[in-house]
2 protein chains.
Amino acid sequence: MLIGELAARTGLSRDAIRFYERNGLVTGGRLPSGYRDFAPETVPWLLYVRTAQTLGFSLAEIARHGDELRDAPDQAEALSALLAEKIRVIDARMAELAALRAELAARVGTGCPLRAVEAVSP
Amino acid sequence: MLIGELAARTGLSRDAIRFYERNGLVTGGRLPSGYRDFAPETVPWLLYVRTAQTLGFSLAEIARHGDELRDAPDQAEALSALLAEKIRVIDARMAELAALRAELAARVGTGCPLRAVEAVSP
DNA sequence: CTAAACAGTGGAGTACGGTCCAAGGTCAAG
DNA sequence: CTTGACCTTGGACCGTACTCCACTGTTTAG
């Protein structure tokens, strides 16, 4: 698959894909012409990359996870561990959000406890 | 309060605070010496800024919210609306995370359904 | 054979959120 | 009056995650 098609299928720009390649997030072969040639599985992988990214993982982290996965003796196990770790991260993040939500919710409708926030505004 | 003390109390660097000031996130008076002079309420405000930031709001958004708040005819109401909006954002974010968590959880322990993710790694 | 539509490279530029630094002013203590 | 801690400014620089551009090579359709 050429880069243009991959871009179309993932919604990424060709430049972004080349950027990802430079940073070790994707690897493709090369055709005799020098054109990049991507495997079909690259599509779900890139979709996954975007998901992980919106989750707050940096590209470097995602690349590192990918590497760990590739180098693992037992891939299935490594992946399970990775996913489990991500789930922990998600849980932690959700807990933070829940705490913040509670804090905000407690202030909504009260005319007073917001002083700490409002009295100072820019 | 001088900038150094504010920095110490908020955990921010003096440079970061000056950067925030340039970008309209904080305002302080000036002493005759030219030194910035911050009100005590700036401390909770900056702590709030950091919280909002970890929530995924950009400094520009936070500044804009602060402005809206300041300009609102009814501050208490404006703040309630703002908090309510943030809560919606949080809820959306949590829902995304929950969906992703479910997706990941479904794959953990299975040796097969992870192909889509694993077969492709960098 | 040529033109269009792809692809490649390198490098500059962008926005964000800062950090670091030099040169210099201010202030309190000794 | 000097020393040291603190403050000021402006500007350079960093990492992240890209985008845009010019110039060049390849492939494909007519």
Side-chain angles (χ1 to χ4, degrees), chain A residues 1-40 42-43 45-67 89 93 96 121-122, chain B residues 1-40 42-43 45-67 89 93 96 121-122:
Chain A
M1 188 192 318
L2 296 184
I3 197 171
E5 188 184 345
L6 182 58
R9 288 215 206 165
T10 58
L12 293 167
S13 70
R14 295 190 306 286
D15 272 336
I17 294 169
R18 286 191 272 253
F19 175 80
Y20 286 178
E21 196 195 41
R22 271 200 299 289
N23 289 276
L25 273 135
V26 253
T27 316
R30 292 287 179 136
L31 298 173
S33 60
Y35 286 12
R36 286 171 186 81
D37 185 27
F38 295 100
T42 312
V43 174
W45 166 252
L46 284 183
L47 296 176
Y48 165 78
V49 167
R50 285 212 82 63
T51 309
Q53 215 182 347
T54 68
L55 231 175
F57 292 96
S58 69
L59 295 184
E61 284 174 306
I62 299 169
R64 197 161 40 71
H65 291 164
D67 286 354
V89 171
R93 220 162 279 228
E96 276 176 56
S121 65
Chain B
M1 190 190 319
L2 297 184
I3 198 171
E5 189 185 343
L6 183 58
R9 288 214 207 166
T10 58
L12 294 166
S13 69
R14 291 187 308 285
D15 273 336
I17 293 170
R18 286 192 272 251
F19 176 80
Y20 287 178
E21 196 195 42
R22 271 199 299 290
N23 288 278
L25 273 135
V26 254
T27 315
R30 292 289 177 134
L31 297 173
S33 61
Y35 287 11
R36 286 172 185 82
D37 184 27
F38 295 101
T42 312
V43 173
W45 167 252
L46 284 182
L47 295 176
Y48 164 79
V49 168
R50 284 209 89 58
T51 308
Q53 215 183 347
T54 69
L55 232 175
F57 292 96
S58 70
L59 295 186
E61 285 174 303
I62 299 168
R64 197 161 40 70
H65 291 164
D67 287 354
V89 171
R93 219 163 280 231
E96 277 176 53
S121 65

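Computed from heavy atoms alone, side chains included, the values below leave out hydrogens, waters and symmetry copies. Convention: sequence-line order gives letters A, B, ...; per-chain numbering from 1.
Comparing A:Ser13 and B:Glu21 along DNA chain D, the residue whose closest nucleotide (by nearest heavy atom) sits nearer the 5' end is B:Glu21.
From the 5' end on, the contacts that DNA chain D makes with chain B at under 4.0 Å to a non-hydrogen atom open and close at D:dC6 to D:dT9.
Going from atom CZ of A:Arg14 over to atom P of C:dT9 covers 13 Å, rounded to whole Å. Distance CD1 (B:Ile62) to P (C:dC16): 13 Å, rounded to an integer number of Å. Rounding to whole angstrom units, CD1 of residue A:Ile3 and C1' of C:dC6 are separated by 11 Å. To the nearest angstrom, C1' of C:dT26 lies 15 Å from CZ of B:Arg36. Rounded to whole angstrom, the span from the CZ atom of A:Phe19 across to the P atom of C:dT14 amounts to 17 Å.
Side-chain atoms of A:Asp37 never come within 3.5 Å of backbone atoms of A:Arg30 as a donor-acceptor pair (strictly under, hydrogens ignored).
Side-chain atoms of A:Arg50 and A:Thr10, non-hydrogen and from C-beta on, never get closer than 4.5 Å to each other. A:Val43 places a side-chain heavy atom less than 4.5 Å from the side chain of A:Met1. Looking at B:Ile17 and B:Ile3, their side chains come closer than 4.5 Å, going by heavy atoms from C-beta outward.
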Enumerate all atom pairs, one protein N or O and one N or O from nucleotides 27-30 of chain C, separated by less than 3.5 Å.
none

Just the atom pairs and distances: protein N or O near nucleotides 10-13 of chain C's N or O, under 3.5 Å.
none

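Within the 4.0 angstrom heavy-atom criterion, base atoms lie near B:Arg18. Within the 4.0 angstrom heavy-atom criterion, no nucleotide atom of any strand lies near B:Leu31.
Remark: A:Tyr35 pairs with no residue by the ring-ring contact (aromatic ring centres under 6.0 Å, His included) rule, at least two apart or across chains. Taking the side chain to side chain donor-acceptor pair (under 3.5 Å) definition, one finds that A:Arg9 meets it with A:Glu5, sequence neighbours left out.
With a 6.0 Å radius and a threshold of 12 heavy atoms from other residues, nucleotides or ligands, A:Arg18 has its CZ atom above the threshold.
The minimum heavy-atom distance between B:Ala7 and B:Ser13, with the atom names listed, is CB-C, 4.2 Å. The two atoms that bring B:Ala63 and B:Gly24 nearest to each other are CB-O, 4.1 Å, heavy atoms only.
Rounded to the nearest 0.5 Å, atoms OH (A:Tyr20) and OG1 (A:Thr42) are 13.5 Å apart. To the nearest 0.5 angstrom, A:Leu46 atom CG is 8.0 Å from A:Leu25 atom CG. Atoms CZ and CG, from A:Arg14 and A:Leu2 in turn, are 11.0 Å apart once rounded to the nearest 0.5 Å. We find the OG1-CH2 distance between B:Thr27 and B:Trp45 to be 9.5 Å, quoted to the nearest 0.5 Å.
Using a cut-off of 4.0 Å between Lys/Arg side-chain N and Asp/Glu carboxylate O, B:Asp67 and B:Arg64 are scored as not salt-bridged.
Contacts with DNA chain D (heavy atom under 4.0 Å) in residues 5-12 of chain B: none are found.
Listed pair A:Arg30 / C:dT9 meets the phosphate criterion, a side-chain N or O lying under 4.0 Å from OP1 or OP2.
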